[in-house]
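Report on the following structure.
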Amino acid sequence: MLSDAADIIEPHENAVMIGTGKGGVGKSTIAAQKAAYHAAQGLRTLLVCVTSQDDDDLGIDRYNRGLRPEGASVLDGAGLLRAIQDRTPLLPIREVRPNLDVVPGGEAVGELLTLLTARMPSEGIYVVASLARALAPIAPWYDRVVIDSAPEQDALEQLALAASRWLFVPTRSDDTSIRGMRRIARNYKLVRSQVNPYVEVAGACLYGSNPTATQLHEEVRQDVAGVLGPNTPMLKTIVGYREMPARNARKKGLTFREYANLLPSSAKSYDVAAGRAERADVVPESIKPLADEMDDLNKEIDAHCRKAA
Ligand SMILES: Nc1ncnc2c1ncn2[C@@H]1O[C@H](COP(=O)(O)OP(=O)(O)OP(=O)(O)O)[C@@H](O)[C@H]1O
Ligand SMILES: [Mg+2]
């Protein structure tokens with residue numbers, strides 16, 4: 001049976017979803033870096049990955065970081081699936097970094113669609129609030145909640161939107177990425193009008209681009225306004241495309257800032273040439289600007305949420 005007001009769950013005031021309807025634009029990277037950024041500032045932070053691919057940016061799985069909850073594994077999206085299935089609060093992996101807890105994504109998240117579809121006849125549209133319900137009991141523990149999302153299914157995007165107070169949209173400059181924004185825009189409007197009236201667009205940014213290509217930025221700004229609405233704040237910070245440090249940091253399960261902090265003690269190219277070190281031991285200099293830009297982006301996203309609030 002459908003009911004109304006009782007099913008509307010007010011999201012955490014600082015719950016930010018990183019989402020757009022196109023794959024591979026940097027959502028998971030931004031979500032993990034943002035969560036770690038807040039935690040490093042001393043804010044209690046929760047990262048929830050509503051994605052069926054686990055990129056493990058923080059090295060939880062590969063480097064065994066964090067304190068696993070007792071009982072069945074919560075890795076590979078199993079914890080997220082179980083909480084929604086059993087209608088219990090989310091059980092995060094604690095202290096992945098000081099102040100940072102994580103509900104990892106992974107394959108099991110893909111099974112949510114079947115579960116939610118089976119519940120539709122009894123719960124109606126409020127099935128979309130399933131994640132919001134599992135998050136609500138633990139959300140007050142945190143100062144910041146960051147939700148990573150995946151564009152593979154509308155249902156997953158809607159679940160994440162229903163649990164969020166803010167939607168932040170990263171995009172690349174190509175047409176497919178701009179078209180991908182239409183999908184998140186459609187899901188945003190559906191969720192806002194039917195399930196979560198609190199969610200708002202915090203802004204958008206151009207990610208992985210050349211910071212000096214100002215003409216291109218202006219064109220993207222117009223595209224974003226056309227898709228997400230003319231008042232959508234377009235952030236000034238542009239995180240550049242720096243494949244090598246981004247790839248290496250993910251491989252090592254380190255944030256950009258943590259990887260940049262290894263620079264002073266890193267092996268150098270001449271050490272590799274002299275046979276004293278492996279290529280993989282050399283931290284590329286370009287991690288420094290990448291880490292700085294990511295910090296700037298996080299500061300700016302936070303400032304926009306505050307201003308909009
Ligand atoms: N600034 C950057 N420059 C170059 N490559 C980057 C940068 N940031 C992230 N990447 C790389 O781009 C790829 C896609 O990033 P990411 O996984 O964060 O995207 P996504 O939007 O979450 O993708 P999906 O939709 O598949 O979940 C990854 O290989 C990542 O390491
Ligand atoms: Mg991702």
Side-chain angles (χ1 to χ4, degrees), residues 16-37 47-62 76-77 80 102-110 112 146-157 159-161 167-174 176-184 187 204-213 217 220 235 237-260 280 283-298 300-301:
V16 181
M17 166 182 172
I18 312 297
T20 184
K22 162 82 169 61
V25 302
K27 295 179 294 296
S28 300
T29 305
I30 296 173
Q33 308 287 328
K34 179 169 166 50
Y37 169 83
L47 171 66
V48 183
C49 302
V50 191
T51 59
S52 54
Q53 181 182 308
D54 182 16
D55 299 303
D56 199 22
D57 284 274
L58 299 168
I60 296 171
D61 198 3
R62 287 165 298 152
D76 293 324
L80 182 57
V102 177
V103 176
E107 221 177 318
V109 173
L112 279 171
V146 182
I147 303 180
D148 183 19
S149 66
E152 66 225 38
Q153 294 168 7
D154 283 334
L156 292 185
E157 257 184 22
L159 265 188
L161 279 161
L167 166 65
F168 183 75
V169 183
T171 187
R172 297 250 163 126
S173 58
D174 59 295
T176 332
S177 297
I178 303 294
R179 276 199 300 278
M181 275 194 289
R182 291 201 189 117
R183 182 161 156 185
I184 191 80
N187 283 327
C205 77
L206 186 55
Y207 186 79
S209 185
N210 174 358
T212 59
H217 303 163
V220 174
L235 271 52
T237 307
I238 292 170
V239 176
Y241 188 80
R242 297 191 170 86
E243 197 171 0
M244 170 88 105
R247 186 167 171 271
N248 286 6
R250 177 172 273 186
K251 258 187 165 171
K252 290 178 185 294
L254 297 174
T255 66
F256 294 166
R257 179 55 62 202
E258 289 165 338
Y259 193 37
V283 180
E285 296 282 341
S286 50
I287 187 61
K288 173 80 173 65
L290 185 60
D292 289 347
E293 286 160 6
M294 188 54 90
D295 283 353
D296 288 346
L297 180 66
N298 285 319
E300 218 188 337
I301 299 174

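Note that the structure is predicted; figures quoted are calculated from it, not measured. Counting convention: from 1, in listed order, for ligands and their atoms alike.
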Quiz item: Sequence neighbours excluded, which residues qualify as side chain to side chain contact (heavy atoms under 4.5 Å, CB included) partners of Pro151?
Solution: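 In terms of side chain to side chain contact (heavy atoms under 4.5 Å, CB included), with neighbours along the sequence ignored, Pro151 is linked to Lys27, Glu157.
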Quiz item: Where do Tyr207 and Val25 land on the side-chain contact (heavy atoms from CB on, under 4.5 Å) test, with the steps shown first?
Solution: CA-CA 7 Å; Tyr207 186 79; Val25 302; 5.8 Å; no
Practice problem: Kindly tell me which protein residues have any non-hydrogen atom under 4.0 angstrom away from an atom of ligand 1, grouped by chain and ordered by number? | Solution: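 Ligand 1 pocket, heavy atoms under 4.0 Å: Gly23, Gly24, Val25, Gly26, Lys27, Ser28, Thr29, Asp55, Pro151, Tyr207, Val239, Gly240, Tyr241, Arg242, Glu243, Ala246, Arg250, Leu290.
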Quiz item: What is the distance from atom OG1 of Thr20 to atom CZ of Arg172, rounded to the nearest 0.5 Å?
Solution: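 If I round to the nearest 0.5 Å, the distance is 11.5 Å.
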Quiz item: Are Asp54 and Val109 close enough, and set up right, to give a side-chain contact (heavy atoms from CB on, under 4.5 Å), and what steps lead you there?
Solution: CA-CA 10 Å; Asp54 182 16; Val109 173; over 6 Å; no
Quiz item: Counting no waters, how many protein N/O/S atoms sit under 2.8 Å from the Mg ion (ligand 2)?
Solution: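 Counting protein N, O and S atoms closer than 2.8 Å to the Mg ion (ligand 2) gives 1.
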Exercise. Dump the intermediate steps for side-chain contact (heavy atoms from CB on, under 4.5 Å) on Leu156 and Ser149, then the final yes or no.
Key: CA-CA 7 Å; Leu156 292 185; Ser149 66; over 6 Å; no
Quiz item: Can Ile287 and Phe256 be said to form a side-chain contact (heavy atoms from CB on, under 4.5 Å), step by step?
Solution: CA-CA 7 Å; Ile287 187 61; Phe256 294 166; 4.1 Å; yes
Quiz item: Distance-only, no hydrogens or angles: does the His217 side chain make a donor-acceptor pair with backbone N or O of Thr212 under 3.5 Å?
Solution: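 Flag not set: sc His217 to bb Thr212 has no pair under 3.5 Å.
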Quiz item: Is Ser209 reaching over with its side chain to a backbone N or O of Gly240, donor-acceptor style, under 3.5 angstrom?
Solution: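 Looks like no, no N/O pair under 3.5 Å.
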Self-check item: Sequence-distant partners of Asp292, side chain to side chain donor-acceptor pair (under 3.5 Å), two or more places apart
Solution: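 Asp292 satisfies side chain to side chain donor-acceptor pair (under 3.5 Å) with Arg257, Lys288 only.
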